[in-house]
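Residue numbering restarts at 1 for every chain, and letters A, B, ... go by the order of the sequence lines.
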2 protein chains.
Amino acid sequence: MHQTIIDTLKRNQLSITDSRKKILELFLHAKGALAHFDIEHQSGAEFDRVTIYRTLQTFVEKGIIHTIPTADNSIRYALCKDDCANGHHHDDHVHFMCDSCGTTYCLDHVTVPQVSLPNGFTVTQTDVIMSGKCMKCV
Amino acid sequence: MHQTIIDTLKRNQLSITDSRKKILELFLHAKGALAHFDIEHQSGAEFDRVTIYRTLQTFVEKGIIHTIPTADNSIRYALCKDDCANGHHHDDHVHFMCDSCGTTYCLDHVTVPQVSLPNGFTVTQTDVIMSGKCMKCV
DNA sequence: TATATTTTGCAACGCTGTTGCATTGTATTA
DNA sequence: TAATACAATGCAACAGCGTTGCAAAATATA
Ligand SMILES: [Mn+2]
Ligand SMILES: [Mn+2]
Ligand SMILES: [Zn+2]
Ligand SMILES: [Zn+2]
């Protein structure tokens, strides 16, 4: 696991620092997506807010994590699959946010459906966010 | 037009105030969705920020407008169809946000597709946000 | 180990959204 | 229309998110 973390950083030409290792570790252990808030708390106030912001930015640019738009307007982040790299994301799965526990899931096996738009619109991205209750909160 | 505004407010048991009339008017004339920022500027600094926030909240609760989640994490608002009332929204259409001009469209005639989820998830809402270029920005 | 390059922490800032409370405006009834 | 009850507004203050500039610290390179 520790080696996976270092490999991932090296593969993306990132220097190995404490904050990057720790934040990447949090994502690898996380069940759902993480918000900045979660990371700040789960890392035990070890790093500055700004460092966390910058690390998340870097990870998004490198294709290590992707952002998830949510209805409550708070950005969440989750690990990408292997085919995302260097700013070219290919995350075409549906996201689910539980109204009860707030957990945000990447439904990797549910692909976003094709939606045809009126003439004149050119689509480059489609986000599907579903909400309701998850299996733990029935 | 002016009568439409007053009627709408009365129908929703809202008292007739300058800010409500003005903000509702802005929505009726708007081509796309409006953010708080847009309203604050288009109303000519006539009303306090807080009043605008509270008016938007009230309109959402009454089913006059609905919120649109966007990938850039800024809430936008747009008029509801007639069948939304008193906190019961039935907005099941797709939204499109232009990367070029920022305009957010309600595609009222494009309904959100059915997406079946794995067992355990109970869905109450589905949001589809598409982005790319609109007809004005080809 | 010495040097060049990156990353970090801190301070400061602007923006968004919320709350409490006194003042003002609207609706109601006589 | 005027008096009253009630609701909405403006103001001040606050908390949270996200960004930037810069000096100090950590990392990579040789
Ligand atoms: Mn995802
Ligand atoms: Mn809409
Ligand atoms: Zn849940
Ligand atoms: Zn456009």
Rounded distance [0.5 Å steps], SG in C98(B) versus CE in M130(B) | 13.5 Å

Quick one: pull up OG in S43(A) and NZ in K22(A) and give me the separation to the nearest 0.5 Å.
-> 7.0 Å

Check the interface with nucleotides 27-30 of chain D: list each N/O to N/O pair with the protein under 3.5 Å, or write none.
residue, atom, partner, partner atom, Å
dA28(D), OP1, I16(A), N, 2.9

Yes or no on side-chain contact (heavy atoms from CB on, under 4.5 Å) for F96(B) and V110(B), after CA distance, side-chain angles and deciding distance?
-> CA-CA 10 Å; F96(B) 183 91; V110(B) 183; over 6 Å; no

The side chain to side chain donor-acceptor pair (under 3.5 Å) partners of S15(B) (sequence neighbours excluded) come to R20(B)

If you restrict it to nitrogen or oxygen atoms, what contacts under 3.5 Å exist between nucleotides 2-4 of chain D and the protein, and what is each distance?
none

Between C1' of dT9(D) and CD1 of I39(B), the distance in whole Å | 17 Å

Provide, to the nearest angstrom, the distance between the CG atom belonging to L9(B) and the C1' atom belonging to dA27(C).
-> 14 Å

Show your working on side-chain contact (heavy atoms from CB on, under 4.5 Å) between E25(A) and I23(A) and close with a plain yes or no.
-> CA-CA 5 Å; E25(A) 192 190 356; I23(A) 293 175; over 6 Å; no

Side-chain heavy-atom pair I129(A), P69(A) within 4.5 angstrom cut-off | yes

Between H95(A) and H66(A), does the ring centre distance come in under 6.0 Å?
-> yes

D48(B) CG - dT16(C) C1' separation (whole Å) = 14 Å

Please confirm whether the backbone N or O of A35(A) pairs with a side-chain atom of D38(A), one donor and one acceptor, at under 3.5 Å?
-> yes

For dA8(D), take OP1 and OP2 only and decide whether either is under 4.0 Å from a side-chain N or O of T51(B).
-> no

The reported gap from CD in E40(A) to CG in L34(A) (rounded to nearest 0.5 angstrom) is 13.0 Å

Report the distance from atom CZ of R20(B) to atom C1' of dT24(C), rounded to the nearest whole Å.
-> 14 Å

Value in whole Å for how far the P atom of dT9(D) lies from CZ of F47(B) = 8 Å

D72(B): salt bridge (Lys or Arg N to Asp or Glu O under 4.0 Å) partners, not counting sequence neighbours = R76(B)

Take atom CD of E46(B) and atom C1' of dG10(D), then tell me their distance rounded to the nearest Å.
-> 14 Å

Counting heavy atoms not belonging to K133(A), are there more than 12 under 6.0 Å from its NZ?
-> no

Is D91(B) salt-bridged to K81(B), cutoff N-O under 4.0 Å?
-> no

Starting from C1' on dT18(C), measure out to CG on D72(A) and report it in whole angstrom.
-> 16 Å

Could you write nucleotides 13-24 of chain D as a row of B, S and -, 5' to 3', where a protein heavy atom under 4.0 Å of any base atom gives B, of only sugar-phosphate atoms gives S, and otherwise -?
-> ----SBBBB---

Between F59(B) and F27(B), does the ring centre distance come in under 6.0 Å?
-> no

Could you state the CD1-P distance from I52(A) to dT8(C), rounded to the nearest angstrom?
-> 11 Å

Within-4.5 Å side-chain heavy-atom neighbours: I39(A) and F37(A) | no

Near-strand residues of residues 95-106 of chain A, defined as heavy-atom separation under 4.0 angstrom from DNA chain C = none

